[in-house]
Amino acid sequence: MNIFALFTQHVRTAVASLASEGIVLSEAALDRIVVEAPRDPTHGDLATNAAMVLSKEAGLKPRDLAEKIATRLAAVADVARVDIAGPGFINLTVKASVWPRVLKSAVETGEAFGRATLGKGTKVNVEYVSANPTGPMHVGHCRGAVFGDALANLLDAAGFDVTREYYINDAGAQVQILGRSAHLRYREALGETISIPEGLYPGDYLKPVGEALKARHGDRLMHVPEAEWLPICRDAAIAAMMDEIRGDLAALNVRHAVFFSERSLQVPVDKVRAAIESLRADGQIYEGVLERPKGADDDEWEEREQTLFRSTAFGDDVDRPLMKSDGTYTYFASDIAYHKDKADRGFLEQIDVWGADHGGYVKRMQAALKAISGGRAALDVKLVQLVRLFRDGEPVRMSKRSGDFVTLREVVDEVGRDAVRFMMLYRKNDATLDFDLAKVREQSKDNPVFYVQYAHARGRSILRNAMAAMADLDLSAPALAAAPLYRLDDPGELAIVQRLAQYPRLIEAAAQAHEPHRVAFYLYELASDLHSQWNRGKDSPHLRFIMENDRQITTARLALVQGIVTVLRSGLAILGVEAVEEMR
RNA sequence: GGUCCCGUAGCUCAGUUGGAUAGAGCGACAGCCUUCUAAGCUGUUGGUCGCAGGUUCGAGUCCUGCCGGGGCCGCCA
């Protein structure tokens with residue numbers, strides 16, 4: 001039960017009936033009507049801006065129009081009271097009987113309580129991580145991985161048909177270098193003493209690849225030309241690196257449904273060429289010369305004619321090259337073909353999660369998708385900002401010397417998956433994040449991960465203790481749903497029910513905005529509600545959840561606890577954080 | 001030079017996508033354990049929402065221009 005959806009419908013019905021009085025209403029204006037919980041509780045339970053957004057078209061003063069709407073809303077069964085306030089807000093106080101119904105539905109529905117139909121089954125593709133398969137993942141990849149995964153969970157909860165995708169950059173010069181580096185390790189495995197020249201990957205993680213190549217091919221790859229050994233070494237290295245990456249992701253509980261190979265865009269069929277030709281046919285491709293960029297005016301620059309995409313026609317700042325001077329495609333060209341492929345697979349809503357250093361790439365990619373899909377498909381790019389690692393307030397040094405970086409696995413091993421995930425999501429994606437390895441392991445209220453998990457554990461503990469204290473209690477969902485919930489009349493209890501009532505709406509709003517952090521903040525507040533109410537029971541024993549002399553109130557309060565536990569569990573599932581039974 | 005992100009309490013950050021008197025946590029100060037996990041809770045303190053205009057019933061939120069911090073800027077991915 002989504003109380004906001006319910007009352008939005010009531011308001012729309014009330015407003016629609018005004019048309020019979022000759023009052024002008026447009027669908028566009030109706031869509032701007034929102035029903036929300038006012039910040040100030042003295043303004044009632046729900047407030048709507050209906051009169052204010054409709055007044056101009058209707059040709060009435062907001063407060064006069066509010067009067068007309070209010071009269072009709074007052075007749076709605078669930079409404080106890082209607083007030084008009086400020087510039088034309090309509091404040092609704094709902095009947096006390098509404099809140100028990102909300103809690104009842106939360107208890108009955110279980111974790112599906114927050115699920116929304118907002119997405120209407122629309123196909124959405126979320127592409128995230130997409131780290132180059134040239135080495136293990138480092139902490140920098142971590143935030144994008146967690147963010148993308150949680151966003152996908154969120155969209156799924158909001159009723160979208162979500163596909164999680166990873167784009168493997170296995171076609172560029174990087175993987176050629178990887179192949180050469182692997183060949184060097186292969187020679188090393190054969191007993192040669194090697195030195196790794198500048199420009200190749202020096203990391204030890206390629207040693208096992210060299211060993212594997214030796215085991216498989218003996219010394220044969222020593223005696224064939226590079227054109228023969230390079231693809232073999234390259235593919236073996238990519239496969240090994242992708243295994244490694246999949247393992248790293250699994251440690252974070254991140255799983256993609258599709259791993260899409262960049263090379264598959266060129267072999268066996270050249271889809272990149274097809275994409276370019278498609279754009280050319282639309283007149284979006286030309287041969288031209290780019291202006292020298294103002295900032296980077298070093299001596300390196302030379303004017304050259306190249307194949308350009310007219311991205312300026314779609315909102316980009318300059319046109320973008322598609323071919324390198326050696327005749328191969330730029331990364332951008334591949335990316336156009338890739339996003340076209342996604343559109344061809346039916347993904348008209350695409351979301352890419354990138355690191356902030358790719359910010360300059362957003363406009364051209366959006367321009368390209370718009371052009372290549374004839375405006376049918378849209379791309380939202382979520383940029384995740386930098387993560388700065390700290391330990392006890394001191395920055396953790398990350399040397400630029402190759403091989404000396406903090407890997408994702410090290411961080412997960414040290415602080416745990418749940419802490420990493422929650423902290424990465426406890427911030428807007430476009431704000432930089434300070435991550436303190438010591439702090440996230442603290443078991444105190446200063447640590448939001450702990451605080452929220454503790455709330456869940458505490459709720460579960462209350463339910464267990466209730467069973468122990470009153471052995472014949474029935475804590476099944478139907479039994480709790482049937483409890484006399486109207487007896488939850490303490491302000492603290494009502495506040496919790498109202499918080500729970502906001503959850504379905506929160507999921508919709510967060511999904512619409514592509515902002516999973518809102519879920520994390522909501523859970524923190526809900527956790528705080530539970531901790532508060534629990535402590536009120538210390539000062540005021542009649543507010544304790546378990547009242548052995550009153551079975552009725554006890555079941556009602558346990559239903560409330562169950563509602564909290566359910567929503568915490570549901571929200572944590574979206575964040576990909578475990579809802580623990582007890583803290584240890 | 002262009003472009004993107006950020007600027008809110010001493011610190012770290014939210015702000016329901018334009019709503020009413022801007023909120024949390026930390027810090028500081030004062031309290032709460034014979035009791036369902038004190039691993040917690042309550043109260044007090046704290047603001048020129050970077051600056052200046054504009055849009056309108058109404059701006060922390062949208063637009064323009066500045067200031068400050070960061071990212072990126074043809075043949076890297």
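For the numbers below, each heavy atom of this structure counts, side chains included, while hydrogens, waters and symmetry mates do not. So that the names make sense, note that chain A is the first sequence line, chain B the second, and so on, each numbered from 1.
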Item to check | Member of A:Arg458, A:Met583, A:Glu582 meeting the side-chain contact (heavy atoms from CB on, under 4.5 Å) criterion with A:Gln453 | outcome: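 Going through A:Arg458, A:Met583, A:Glu582 one by one, the side-chain contact (heavy atoms from CB on, under 4.5 Å) with A:Gln453 is satisfied by A:Met583 alone.
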Checklist entry - Hey, which of A:Leu530, A:Ile462, A:Ile496 is the one that makes side-chain contact (heavy atoms from CB on, under 4.5 Å) with A:Leu560? => result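 The side-chain contact (heavy atoms from CB on, under 4.5 Å) with A:Leu560 is passed solely by A:Ile496 among A:Leu530, A:Ile462, A:Ile496.
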Restricting both atoms to N or O, compile the protein contacts to nucleotides 60-69 of chain B shorter than 3.5 Å, with distance only.
from, atom 1, to, atom 2, distance (Å)
B:G60, O6, A:Arg39, NH2, 3.4

For residues [X] and [Y], is any side-chain donor paired with an opposing acceptor at under 3.5 Å?
X	Y	value
A:Gln306	A:Tyr286	no
A:Asp40	A:Thr42	yes
A:Asn2	A:Tyr503	no

Checklist entry - How many Å lie between CG on A:Leu54 and P on B:C57, as a whole number? => result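 Computing the A:Leu54:CG to B:C57:P distance gives 14 Å.
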Checklist entry - For the pair made of OH in A:Tyr331 and P in B:C76, what is the distance, rounded to whole Å? => result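 For the pair A:Tyr331 OH and B:C76 P, the rounded distance is 14 Å.
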Can a side chain N or O of [X] be found less than 4.0 Å away from OP1 or OP2 on [N]?
X	N	value
A:Lys538	B:U34	no
A:Lys439	B:C26	no
A:Lys363	B:U3	no

Checklist entry - If you check the A:Pro321 side chain, which of B:A77, B:C41, B:G74 turns out closest? => result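 My answer, after comparing the listed nucleotides, is B:G74.
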Below 3.5 Å, does any donor atom in the side chain of [X] face an acceptor in the base of [N], or the other way round?
X	N	result
A:Asp357	B:G71	no
A:His517	B:A14	no
A:Arg544	B:U35	yes
A:Asn91	B:A20	yes

Remember a base hit wins even if backbone is also touched, and classify [X] as base, sugar-phosphate or nothing at under 4.0 Å, heavy atoms.
X	result
A:Pro62	nothing
A:Ala468	nothing
A:Arg458	sugar-phosphate
A:Gln502	nothing

If you measure from the [atom1] atom in [N] to the same atom in [M], how many Å do you get, rounded?
N	M	atom1	result
B:C51	B:U8	C1'	15 Å
B:A9	B:C5	C1'	23 Å
B:A24	B:G47	C1'	15 Å
B:C49	B:G15	C1'	11 Å
B:G50	B:U61	C1'	15 Å
B:G7	B:U16	C1'	22 Å
B:G25	B:G2	P	43 Å
B:G68	B:G27	C1'	26 Å

Item to check | is_close_aromatic(A:His531, A:Tyr451), centroid dist under 6.0 Å | outcome: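 Close enough - the centres of the two rings lie under 6.0 Å apart.
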Next on the checklist: Can you give me the closest heavy-atom contact between A:Gly492 and A:Arg536, atom names plus distance?
Outcome noted: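 The answer is CA-NH1, 3.8 Å.
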Item to check | Electrostatic pair A:Asp45-A:Arg81, nearest N-O below 4.0 angstrom | outcome: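 Result for this pair is no, no salt bridge flagged.
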Checklist entry - Stacking here means centres under 5.5 Å and planes under 30°; does A:Phe89 stack on B:G19? => result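 No, A:Phe89 does not stack on the base of B:G19.
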Checklist entry - Given pairs defined as Watson-Crick or G-U wobble with both distances under 3.5 Å, what dot-bracket annotation applies to RNA chain B, with ( ) intrastrand, [ ] crossing, | other strand and . unpaired? => result (((((((..((((.....[...))))((((((.......))))))....(((((..]....))))))))))))....
